[in-house]
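Okay, structure first, notes after.
First listed ligand is number 1; within each ligand, the first listed atom is number 1.
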Amino acid sequence: MRIDVFSIFPQMVAEFAAQSLLGRAGQSGLLDVRVHDLREHTTDVHRTVDDSPFGGGAGMVLRPEPIFASVEAADPPRPLFLLGPGGRRLDQRLAQELAAGDGFSLLCGRYEGVDDRVRTELCDDELSIGDYVLGGGEVAAMVVLEAVGRLVPGVMGNAASGADESFSDGLLEYPQYTRPAQFRGMEVPEVLRSGDHARIERWRRARALQRTIAARPDLIEARGGLSSVDRALLEEFDIP
Ligand code: JF5
């Protein structure tokens, strides 16, 4: 899979890609992340990437020429997404869709915006990581890289990485514990030390349901409510 990122702070994204799990995937040849510096496609001595907005107003707008030139020179994998709060929201389903393909590209916006011809004529779509405004798209690009990269088959060192058990069935994780079994009077649930693996599996499912009902009822709603199997599990472990 190839992912190209276009940015005026390329070292930020490149450093992240090299240091994270994406770096190991890169060494194995599974993931080819290419970061492009928009300043390399400026033509003036000051390497200017922005200019004041037509019509007036505060702030600066990213100029179209370096962005078109950079994208045309790289001939990146499509779709090319503009990162910004106006886009389709990234969620686990979209991350899985992107991880199942051959690649895609990300353009990081900055300042008060990007010349709109970039959005309408160069980019294929827009992508948001949530309803808040960042100073630039770089952090959003890193979120997309991490969410997608860890789903690429083989990246986590096992073939099942793409299944991503926790979120793919729409529930929060069950609680995890490690040694010691007793810590400051707090005990690890007995069932986890019982060796009864079928019961452990049912207990985990029940606790995942309990947590999701309490913290994210919207996720339960999205799965179409509780099934009769779900209700039986909650009852088995005395979860109201
Ligand atoms: C950006 C103009 C892009 O702020 C974001 C963002 C928020 N959610 N997802 C992405 O991107 C940077 C800021 C201003 C365009």
request  = Pick whichever of Pro85, Cys108, Gly59 has a heavy atom sitting closest to atom 6 (C) of ligand 1.
outcome  = Pro85
ask   = Between atom CD1 of Ile67 and atom CZ of Arg117, what is the distance when rounded to the nearest 0.5 Å?
value = 11.0 Å
message = Apply side chain to side chain contact (heavy atoms under 4.5 Å, CB included) to residues Gln92 and Leu151 and explain how you reach the verdict.
response = CA-CA 10 Å; Gln92 195 63 20; Leu151 296 177; 3.5 Å; yes
inquiry  = Evaluate Val13 against Leu145 for side chain to side chain contact (heavy atoms under 4.5 Å, CB included), listing each step before the verdict.
reply    = CA-CA 9 Å; Val13 181; Leu145 285 172; 3.8 Å; yes
inquiry  = Other residues, nucleotides and ligands only: do more than 12 of their heavy atoms fall within 6.0 Å of CD on Glu201?
reply    = no
task = Counting heavy atoms only, name the option from Gly87, Gly86, Ala141, Gly113 that's nearest to atom 2 (C) of ligand 1.
result = Gly113
inquiry  = I need the atoms of ligand 1 closer than 4.0 Å to a non-hydrogen atom of Tyr132, numbered in the order shown.
reply    = 7 (C), 8 (N)
ask   = Taking distance alone, with no angle check, do Ile129 and ligand 1 share an N/O pair under 3.5 Å?
value = yes
message = Less than 4.5 Å apart, side chain to side chain, heavy atoms only: is that true for Leu134 and Ile129?
response = yes
task = List every atom of ligand 1 that sits less than 4.0 Å from any heavy atom of Gly137, numbering the atoms from 1 in the order shown and giving each element.
result = 11 (O), 12 (C)
message = Do the side chains of Glu126 and Arg89 get close enough for a salt bridge, i.e. N-O under 4.0 angstrom?
response = no
ask   = What do you reckon, does Gly130 have a nitrogen or oxygen under 3.5 Å from a nitrogen or oxygen of ligand 1?
value = yes
message = Heavy atoms only, cut-off 4.0 Å: how does Leu134 contact ligand 1, side chain, backbone, both, or neither?
response = both
